[in-house]
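Beneath this line is the structure, given in structure tokens, with notes to follow.
Everything numeric here is computed off the predicted structure, so don't read it as measured data. Chain identifiers are assigned alphabetically (A, B, ...) following the order of the sequence lines, protein sequences preceding nucleic acid strands; residue numbering begins at 1 within each chain.
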Amino acid sequence: MVYESEKSTNMQKGFESKNEVFNDMLIDYFQLNLNLKDYYKRWSEADPIFAKAAKQFYGIRILKQEVTENIFSFICSSNNNISRITSMVNKLATFYGEKICELDGETYYSFPDVEVLARGDVEAKLRANGFGYRSKYINESAKFIMQNGGNRWFDDLKKCDYIDAKTCLMKLNGVGAKVADCICLMSLGHLEALPVDTHVYQIASKFYMPQLSTRKTVTDKIYNDIGNHFRELYGPLAGWAHTVRVIIYFFAKYQFYHFKA
DNA sequence: TTCAGACCTGC
DNA sequence: CAGGTCTGA
């Protein structure tokens, strides 16, 4: 961050404005304009379980990440594990991104443009490199975006409210309710979006909604029931609150296993 | 509208 | 089975 004291000493031409640009970028990326203290208070009052655990986890923030990168990374995430997701996203960058720099013997690439992912030969190459059935999702979603205006599609998406943005995203092949909510929450600033994955389902049925029917997979009905339940509980920033709740759950679980070992 | 199954791959 | 989505009944 840029402090006032530093600002006043950086009077060289361009330096101060450059710092302000970085400052604004960081404020935007960490969403620092939101006063977390007030929200933590509200969420704690609404939920005693949150209150108890949140004391040692104050300050968890939702990042506002780049949209394109998020859409295709989350398409990779469905029914998949973290290590393979990571490797797949890295492959997208090295295959189709632009070289940024080399550092300590490693080469870094940008996340590719949608235009490149829409090319005709992408699906086959991804399939040959272990992307499985998500190869088609990635290629077809990129094609769909290009056919529907490219950059204009993104501009329009960013103007939508939560419901419209989610509907728009779910038109992409490979983007269902959960992935769409991830993108809404983590890229578009719709902080009421609440991604329900299998873990969230476990937490919800165990601690909050014991009446939930037990099934192998999260059905649309269960998905919406859980989202609405937490939106009523936490209010307009339910997605943020709930993410904090999930992180707390996993950390506690980790601590428990760690303690046991 | 709602709900099983299939689906790529790898630990 | 793993931080789901698509499909058909």
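- Nucleotides B/dG5 and C/dG3 are separated by 22 Å at their P atoms, to the nearest Å.
- Side-chain proximity of A/D197 to C/dG3, C/dC6, B/dC8: nearest is C/dG3.
- Along DNA chain C, the nucleotide nearest to A/M170 and the one nearest to A/C182 differ in position, and the one closer to the 5' end is contacted by A/C182.
- Atom OH of A/Y39 has 12 or fewer heavy atoms from other residues, nucleotides or ligands within 6.0 Å.
- Distance A/H199 NE2 to C/dA2 P: 7 Å, rounded to the nearest Å.
- Taking atom CD1 of residue A/I85 and atom P of nucleotide B/dC11, one finds them 14 Å apart after rounding to whole Å.
- For A/T219 and B/dC3, the shortest distance from a side-chain N or O to OP1 or OP2 is below 4.0 Å.
- Relative to the side chain of A/S78, the nucleotides B/dC3, C/dA2, C/dT5 differ in distance, and C/dT5 lies closest.
- By the 6.0 Å and 45° rule, A/K125 stacks over the aromatic ring of A/F95.
- Backbone-only contact: A/V179 has heavy atoms under 4.0 Å from sugar-phosphate atoms and none from a base.
- One atom, CD of A/E140, and another, P of C/dT7, lie 9 Å apart when rounded to the nearest Å.
- Taking the P atoms as reference points, B/dC8 lies 14 Å from C/dG8, given to the whole Å.
- Ring planes of A/Y249 and A/F207: perpendicular class, angle over 60° (limits at 30 and 60°).
- Looking at heavy-atom distances under 4.0 Å, A/N80 makes contact with sugar-phosphate atoms alone, never a base.
- The distance from atom CE of A/M88 to atom OG of A/S83, rounded to the nearest 0.5 Å, is 11.0 Å.
- Counting to the nearest Å, the P atom of B/dG10 and the CG atom of A/N79 are 14 Å from each other.
- Within the nucleic acid shown, A/I82 comes within 4.0 Å of at least one base atom, counting heavy atoms only.
- Using a 4.0 Å cut-off between a side-chain N of Lys or Arg and a carboxylate O of Asp or Glu, A/K221 and A/D225 qualify as a salt bridge.
- The distance from atom CD1 of A/I222 to atom C1' of B/dT1 is 14 Å, rounded to the nearest whole Å.
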Taking Watson-Crick and G-U wobble pairs with both distances under 3.5 Å, convert DNA chain B into its dot-bracket string, 5' to 3', dots for unpaired and | for cross-strand pairs.
-> .||||||.||.

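- Nucleic acid contact for A/L172: sugar-phosphate only, since backbone atoms but no base atoms lie under 4.0 Å from a heavy atom of the residue.
- Other residues, nucleotides and ligands place more than 12 heavy atoms under 6.0 Å from the CD atom of A/Q202.
- One cannot find a donor-acceptor pair under 3.5 Å joining the base of C/dG4 and the side-chain atoms of A/Y223.
- Residue A/F131 contributes atom CZ, which lies 14 Å from atom C1' of B/dG10 at whole-angstrom precision.
- You'll find the ring centres of A/F131 and A/Y137 outside the 6.0 Å limit.
- At a threshold of 4.0 angstrom between heavy atoms, the contacts of A/V200 with the nucleic acid are absent.
- Ring-plane geometry between A/Y40 and A/W43 is classed as tilted, the angle between the planes lying from 30 to 60 degrees on a 0 to 90 degree scale.
- A/R134 comes within contact range of at least one nucleobase, with a heavy-atom separation under 4.0 Å.
- Residue A/I138 contributes atom CD1, which lies 14 Å from atom C1' of B/dT9 at whole-angstrom precision.
- Residue A/K221 has its side chain nearest to B/dT2 when only B/dT2, C/dG3, C/dC6 are considered.
- The interatomic distance linking A/D220 (CG) with B/dC3 (P) rounds to 9 Å, in whole Å.
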